Trainee: 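One structure, pasted below without further comment.
The structure presented is a predicted model; accordingly, all values stated were derived computationally and were not measured.
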Amino acid sequence: MDHGTTIVARMTGPLLATALLVLSLPAAAEPGRLTARGGVMPEGLWVRNRAKSVEIDPGDDTLWVVKDDGKTSVWVSVATDDKGKISVMSYEGAYGGPPSPVKGTPMTTQIVSRAPGTLHNWGRIDGLGPYVEDCAVDAGQKHFTCDGQVTTTAGVRRWHDDFVWAGPSPK
């Protein structure tokens, strides 16, 4: 599996990570839509539920949403693949803003929120192609899911991420 494929498997969530459907790119970017906690994605620690996730490259993922005020999203992801390789990725970008790099990966992304607790992101992964991903936080704000796809020269590859709340941000 190439490096880019490994990155796609890890780059889900608030964006997350991460929000993917090239055919549904927004005509105009919208600012973030706020949840009851004040941002689009609740700030704090999230852990991927492997049993409910369908990954391109399986592994564990802990996501720290450092900041999400509905204007800016800042997160860090620490992923470990099934062979024990650890990857650290981070993102800082504005809702409705220009493409921003996802540090630690060969990708750029843009984010918008179309409704409270939802995140749509899209961009490009060097070596693979364009991607889109859509995420939604449940009403209790203790669970969110993301569904995404990347269009490669070999076809479309899809994933589903299921994240559960692990606790507030470290102080």
Trainee: In Å and rounded to the nearest 0.5 Å, what is the OG1 to NZ distance from Thr80 to Lys85?
Mentor: 10.0 Å
Trainee: Taking atom types as modelled, is there a side-chain donor on Asp134 or Thr118 under 3.5 Å from an acceptor on the other?
Mentor: no
Trainee: Which heavy-atom pair separates Gly93 from Ser100 by the least distance, and what is that distance?
Mentor: CA-OG, 3.8 Å
Trainee: Roughly how far apart are Ile56 CD1 and Gln149 CD, rounded to 0.5 Å?
Mentor: 10.0 Å
Trainee: Please determine whether side chain to side chain contact (heavy atoms under 4.5 Å, CB included) holds for the pair Val137 and Met41, giving the CA-CA distance in whole Å, both sets of side-chain angles, and the decisive distance to 0.1 Å.
Mentor: CA-CA 7 Å; Val137 179; Met41 299 301 289; 3.5 Å; yes
Trainee: Rounded to the nearest 0.5 Å, what separation is found between the CD1 atom of Ile111 and the CG atom of Asp68?
Mentor: 7.0 Å
Trainee: Working to the nearest 0.5 Å, report the span between OG1 of Thr152 and CD1 of Ile125.
Mentor: 10.0 Å
Trainee: Taking all atoms of both residues into account, what is the closest heavy-atom pair of Ser77 and Asp61, and its distance?
Mentor: OG-OD1, 2.6 Å
Trainee: Without swapping roles, check the side chain of Gln110 against the backbone of Gly97 for a donor-acceptor pair under 3.5 Å.
Mentor: yes
Trainee: Give the C-alpha distance, both sets of side-chain angles, the deciding distance and a yes or no for side chain to side chain contact (heavy atoms under 4.5 Å, CB included) between Asp162 and His143.
Mentor: CA-CA 7 Å; Asp162 188 286; His143 178 249; 2.9 Å; yes
Trainee: Asp69 versus Lys67: any side-chain heavy-atom pair under 4.5 Å?
Mentor: yes
Trainee: Does the side-chain hydrogen bond (donor to acceptor under 3.5 Å, both in side chains) test come out yes or no for Trp159 and Glu55, once each step is laid out?
Mentor: CA-CA 5 Å; Trp159 64 86; Glu55 294 302 311; 5.8 Å; no
Trainee: So do the side chains of Val76 and Ser90 get within less than 4.5 Å of each other, counting heavy atoms only?
Mentor: yes
Trainee: Using the six-membered ring wherever Trp is involved, compare the ring planes of Phe144 and Trp46 and label them parallel, tilted or perpendicular (cut-offs 30° and 60°).
Mentor: perpendicular
Trainee: Under the side chain to side chain contact (heavy atoms under 4.5 Å, CB included) criterion, do Phe163 and Leu63 qualify, and how do the steps go?
Mentor: CA-CA 9 Å; Phe163 280 88; Leu63 176 71; 4.0 Å; yes
Trainee: Check step by step if side chain to side chain contact (heavy atoms under 4.5 Å, CB included) holds for His160 and Thr145.
Mentor: CA-CA 7 Å; His160 171 80; Thr145 58; 3.8 Å; yes
Trainee: Could you grab the distance from atom CG of Leu128 to atom CZ of Arg157, nearest 0.5 Å is fine?
Mentor: 8.0 Å
Trainee: Test of understanding: with side chain to side chain donor-acceptor pair (under 3.5 Å), list the residues that count as partners of Ser169, not counting sequence neighbours.
Mentor: Trp64
Trainee: Linking I/L/V/M/F/W/Y whenever any side-chain heavy atoms sit under 4.5 Å apart, do Met107 and Val88 land together?
Mentor: no
Trainee: Sub-3.5 Å donor-acceptor pair from the side chain of Arg48 to the main-chain atoms of Ala79, do we have one?
Mentor: no
Trainee: Going by salt bridge (Lys or Arg N to Asp or Glu O under 4.0 Å), name the residues that satisfy it together with Arg50, two or more places apart in sequence or in a different chain.
Mentor: Asp60, Asp82
Trainee: For the atom pair OG (Ser73) and OH (Tyr91), what is the distance rounded to the nearest 0.5 Å?
Mentor: 6.5 Å
Trainee: Spell out, as yes or no, whether a donor-acceptor pair under 3.5 Å connects the side chain of Asp138 to the backbone of Lys142.
Mentor: yes
Trainee: Would you call Pro99 and Thr109 a side-chain contact if the rule is heavy atoms closer than 4.5 Å?
Mentor: no
Trainee: Decide whether Leu45 and Val74 are clustered together by the hydrophobic rule: side chain heavy atoms of Ile, Leu, Val, Met, Phe, Trp, Tyr closer than 4.5 Å, transitively.
Mentor: yes
Trainee: For Lys103, check salt bridge (Lys or Arg N to Asp or Glu O under 4.0 Å) against everything at least two apart and list the hits.
Mentor: none
Trainee: Can you get from Trp165 to Val47 by hopping between Ile, Leu, Val, Met, Phe, Trp and Tyr side chains that sit under 4.5 Å apart?
Mentor: no
